[in-house]
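Data block below; observations after.
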2 protein chains.
Amino acid sequence: MRWEELGEQPCSMSRTLAVVGDRWTLLILRDCFLGVRRFDAFERRIGLTRHLLADRLKKLVEHGVLVKVPYQQRPLREEYRLTEKGLALHPVILSLVSWGDAWMADERGAPIEHYHKGCGQRMKPVMVCSECAEPVGPRDIDVRPGAAFGEEVEKLLAG
Amino acid sequence: MRWEELGEQPCSMSRTLAVVGDRWTLLILRDCFLGVRRFDAFERRIGLTRHLLADRLKKLVEHGVLVKVPYQQRPLREEYRLTEKGLALHPVILSLVSWGDAWMADERGAPIEHYHKGCGQRMKPVMVCSECAEPVGPRDIDVRPGAAFGEEVEKLLAG
DNA sequence: ATAGTGGGTTTCATTTTGGAACTTGTCAAG
DNA sequence: CTTGACAAGTTCCAAAATGAAACCCACTAT
């Protein structure tokens with residue numbers, strides 16, 4: 001399966017990965033959430049080749065995750081900003097970082113600490129149910145094919 | 001930067017991506033959470049080459065995300081199961097799927113619906129603060145270098 | 001006139017992937 | 001006892017993606 005096919009699968013995860021499922025893209029997005037916006041800043045911080053950076057930024061713009069916004073004329077210079085669609089990826093980034101903090105840290109602990117502005121405390125993100133607000137674990141969820149899909153998705157669930 | 005270097009960065013996101021930051025690995029993990037355990041089942045469902053599947057499974061086992069458990073002798077057959085470390089990736093999978101449901105669905109809606117066993121309702125995952133239980137958005141978090149890291153990480157934050 | 005900056009593109013060698021066939025141990029059917 | 005099937009890989013080769021480094025263009029500052 002190639003990248004193009006991936007985006008056409010009847011699976012939200014495949015479709016998401018068709019957009020952000022590569023290490024560089026996710027590192028670019030991490031930086032976007034830290035406020036980085038310019039080509040050369042991404043290049044320096046992430047250490048990927050300009051070639052790939054240009055390619056990944058273009059794809060993110062095509063998918064509507066980032067927009068190019070001019071910040072000066074003569075010569076025209078544009079920066080990359082998260083759209084609403086891009087901002088919605090925040091839980092993805094947060095959960096990746098949180099797993100790294102918990103399972104990949106060395107004896108020095110987490111490289112970065114997160115403080116919740118609302119309550120001022122050092123926090124980690126927790127996933128809860130939108131309906132009852134209880135935390136959800138791997139065994140707490142039942143999965144069923146969407147109404148408008150039928151067999152197509154049942155096969156996927158059954159294996 | 002190569003994969004090996006990625007895992008040594010003082011950034012929890014890089015370290016996480018060194019383990020799961022590739023499309024096949026994440027699709028394998030999605031299937032693990034759906035209960036898939038055998039080599040040929042992954043192969044059929046995901047449609048990746050055996051070559052890569054073997055490689056990715058080996059890496060996941062090396063990183064302690066999956067374990068091989070024998071399910072028959074003569075001939076020896078082993079299946080792959082999520083460890084505690086692997087189960088901890090649930091929020092990552094959930095947030096990827098949820099973003100796809102919200103932003104990549106076609107007119108038929110989400111391919112798969114999630115029901116919370118606790119309350120019985122159709123749900124989506126929400127990220128909240130571990131301390132005050134309020135939802136956290138992109139602007140609600142302050143980020144500071146971990147106590148044991150210093151300049152090394154401050155540079156990364158400043159850009 | 002010269003050097004620097006921001007945002008790329010081009011070129012080419014090296015890696016990674018995709019596709020398909022081959023292997024190994026075992027059982028079951030004809 | 002020969003053939004076929006199954007599970008879980010491995011091997012081989014061609015095609016695609018990546019990494020490194022140089023080059024380009026429109027300006028600005030010195």
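Both backbone and side-chain heavy atoms feed into the values below; hydrogens, waters and symmetry mates do not.
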Which of the following nucleotides, C:dG6, D:dG9, C:dT11, is nearest to the side chain of A:D40?
-> C:dG6
Is the distance from OP1 or OP2 of D:dG19 to the nearest side-chain N or O of A:W24 less than 4.0 Å?
-> yes
Starting at CD of A:Q72 and ending at C1' of C:dG6, how long is that distance when rounded to a whole Å?
-> 8 Å
Does A:F39 have A:R50 sitting over its ring (NZ/CZ under 6.0 Å from centre, angle to axis within 45°)?
-> no
Which residue lies toward the 5' end of DNA chain D, A:R23 or B:Y71, if each is placed at its nearest nucleotide?
-> B:Y71
Check whether any side-chain nitrogen or oxygen of B:Y80 sits under 4.0 Å from OP1 or OP2 of D:dA7, and answer yes or no.
-> no
To the nearest Å, how far apart are A:Q73 CD and D:dA26 P?
-> 16 Å
Cationic N near anionic O, under 4.0 Å, A:R38 to A:D40 | no
A:E78 vs A:E5, nearer the 5' end of DNA chain C by closest nucleotide = A:E78
B:K124, NZ atom: more than 12 neighbouring heavy atoms under 6.0 Å | no
Rounded to whole Å, NZ of A:K58 lies from C1' of C:dT9 at a distance of 11 Å
Assign each of A:R50 and A:P75 to its nearest nucleotide of DNA chain D by heavy atoms, then name whichever residue's nucleotide is nearer the 5' end.
-> A:R50
For B:R44 and D:dC6, give me the distance from atom CZ to atom P, rounded to whole Å.
-> 10 Å
Quick one: which of D:dG19, C:dT17, C:dG19 gets closest to the side chain of B:R56?
-> C:dT17
Nearest whole angstrom, please: distance from the C1' of D:dA17 to the CG of B:D22.
-> 13 Å
Round to a whole Å and report the spacing from NE2 of B:H51 to C1' of D:dC12.
-> 10 Å
Could you give the CG-to-C1' distance, from A:L52 to C:dT15, as a whole number of Å?
-> 12 Å
Does B:K68 have a side-chain nitrogen or oxygen under 4.0 Å from the phosphate oxygens OP1 or OP2 of D:dG9?
-> yes
Taking atom CD of A:E84 as the centre, does the number of heavy atoms from other residues, nucleotides or ligands within less than 6.0 Å exceed 12?
-> no
Between B:R144 and A:Y115, is NZ or CZ placed under 6.0 angstrom from the six-membered ring centre and within 45° of the ring axis?
-> yes
Got a donor-acceptor pair under 3.5 Å from the side chain of B:R77 to the base of D:dA7?
-> yes
Atom CD of A:E79 to atom P of C:dG8: distance rounded to whole Å?
-> 12 Å
